[in-house]
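Taking it in order: structure first as C-alpha cells, then the write-up.
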Amino acid sequence: MSKSLLTHLLVPVATEEDARATCAALEPYLEDVERVTAVHVIEKAAGAMDKAPLGKRQEDAAEFIAVVDSELGDRVSVDTRTVYGTDVADALFDAATDAKADAVAIRARGGSRIVQLLAGDTTSKLVTDPVVPVVSLPHRDE
C-alpha cells in the first residue's frame, strides 16, 4: 500500500473568511490527507508598535483557526496553532518544520502588485525559497 506524498498539510489562515475559503479549496483533495495543522501568524512589529493589542489578536487568531477545525474536523485530524513572527513566511516554515508537515497548502489571496509591494508578498516568499513543498490551492468559484 503506497502512502500519499502529502498526508500532513500545514494550512495558514489570515482571517475567518480566508479560513472558510481555504477549507473549501482544500476539500476536493482531502481523500489523501490524514492531518491538517491550521496556523495563524500574529505578525510582530520588530520594535515598532503592534497593529492591535495582543490579547485581541490572540482572540481573533483562535476564532480564525477554529473555523478550520469546524469545517474539516469531521474528515481529517486537525491541529491548530498560533505562532508569532516578524516575517510571516519564515514563521509558517518554522511552524511546518515544528509540526513535521509534509507541505504548506496555501490559497493565494491576490491583490494588485502595488498592494503586494506595500504589504509584503508572503505568497511570493513562500514559493521562491521553500523549506518544505508548497502547494497552491485553486480558487473555487464563490
Side-chain angles (χ1 to χ4, degrees), residues 2-140 142:
S2 67
K3 181 178 177 183
S4 172
L5 176 65
L6 307 174
T7 59
H8 179 193
L9 298 175
L10 182 118
V11 177
V13 293
T15 64
E16 184 175 334
E17 178 180 298
D18 178 55
R20 291 190 194 289
T22 300
C23 289
L26 184 58
E27 198 279 330
Y29 309 100
L30 286 178
E31 186 173 304
D32 295 329
V33 176
E34 296 173 0
R35 183 173 166 204
V36 168
T37 299
V39 173
H40 177 81
V41 178
I42 294 179
E43 194 171 1
K44 300 298 288 177
M49 286 186 62
D50 288 330
K51 296 175 184 174
L54 182 58
K56 171 66 174 144
R57 296 171 76 192
Q58 290 171 324
E59 288 176 21
D60 291 346
E63 290 177 20
F64 304 157
I65 56 180
V67 169
V68 177
D69 190 31
S70 172
E71 298 278 329
L72 303 178
D74 62 336
R75 300 194 50 202
V76 297
S77 174
V78 176
D79 298 322
T80 61
R81 297 179 181 200
T82 300
V83 299
Y84 304 85
T86 55
D87 184 294
V88 174
D90 288 344
L92 290 172
F93 284 134
D94 288 345
T97 301
D98 289 347
K100 298 181 176 35
D102 298 320
V104 175
I106 61 170
R107 183 181 156 274
R109 296 181 185 98
S112 68
R113 283 276 195 215
I114 191 72
V115 169
Q116 292 172 356
L117 180 65
L118 295 173
D121 187 1
T122 300
T123 301
S124 178
K125 291 177 185 176
L126 287 172
V127 298
T128 55
D129 192 21
V131 174
V132 297
V134 176
V135 177
S136 179
L137 299 169
H139 284 242
R140 296 183 68 188
E142 297 178 14

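We number each residue from 1, following the sequence as shown. If you're wondering where the values come from, they're calculated on a predicted model, not measured in any experiment.
In this structure, CD on E34 lies 11.0 Å from CG on L6, to the nearest 0.5 angstrom. To the nearest 0.5 Å, atom NE2 of residue H8 and atom NZ of residue K100 are 10.5 Å apart. The CG atom of D102 sits 4.0 Å away from the OG1 atom of T7 when rounded to the nearest 0.5 Å. Considering CG of L137 and CD1 of I106, their distance stands at 8.0 Å, rounded to 0.5 Å.
Taking all atoms of both residues into account, the shortest heavy-atom contact from F64 to A19 is O-CB, 3.5 Å. Of all the heavy atoms in F93 and D129, the pair that sits closest is CE1-O, 3.9 Å. Closest of all the heavy-atom pairs between P12 and A105 is CD-O, 3.3 Å. Listed here is the closest heavy atom pair of G85 and A91: CA-CB, 4.4 Å. Between H40 and A14 the shortest heavy-atom distance is CE1-O, 3.2 Å.
Partners of D94 under the side-chain contact (heavy atoms from CB on, under 4.5 Å) rule, at least two apart in sequence or in another chain, do not exist in this structure. Annotation: side-chain contact (heavy atoms from CB on, under 4.5 Å) contacts of A96 (sequence neighbours excluded): L10, A101, V104, V132. Partners of D98 according to the salt bridge (charged side-chain N to carboxylate O under 4.0 Å, His left out) rule, which considers only residues two or more places apart in sequence or in another chain, do not exist here. With sequence neighbours excluded, the residues that form a side chain to side chain donor-acceptor pair (under 3.5 Å) with D60 are K56. Residues that satisfy the side-chain contact (heavy atoms from CB on, under 4.5 Å) test with P133, not counting sequence neighbours, are A103.
No donor-acceptor distance shorter than 3.5 angstrom exists from the side chain of R107 to the backbone of L26, with no hydrogens or angles considered. Side chain of T22 to main chain of D18: a donor-acceptor pair is present (N/O by atom type, distance under 3.5 Å, no hydrogens or angles).
Side-chain contact between L126 and L92 is present, with at least one heavy-atom pair separated by less than 4.5 Å.
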Show which side-chain atoms of residues 71-84 pair as donor or acceptor with protein atoms under 3.5 Å away, not counting sequence neighbours.
from	atom 1	to	atom 2	distance (Å)
E71	OE2	R20	NH1	2.9
R75	NH1	E27	OE2	2.4
D79	OD2	R35	NE	2.6
D79	OD2	R35	NH2	2.7
Y84	OH	Q58	NE2	2.7

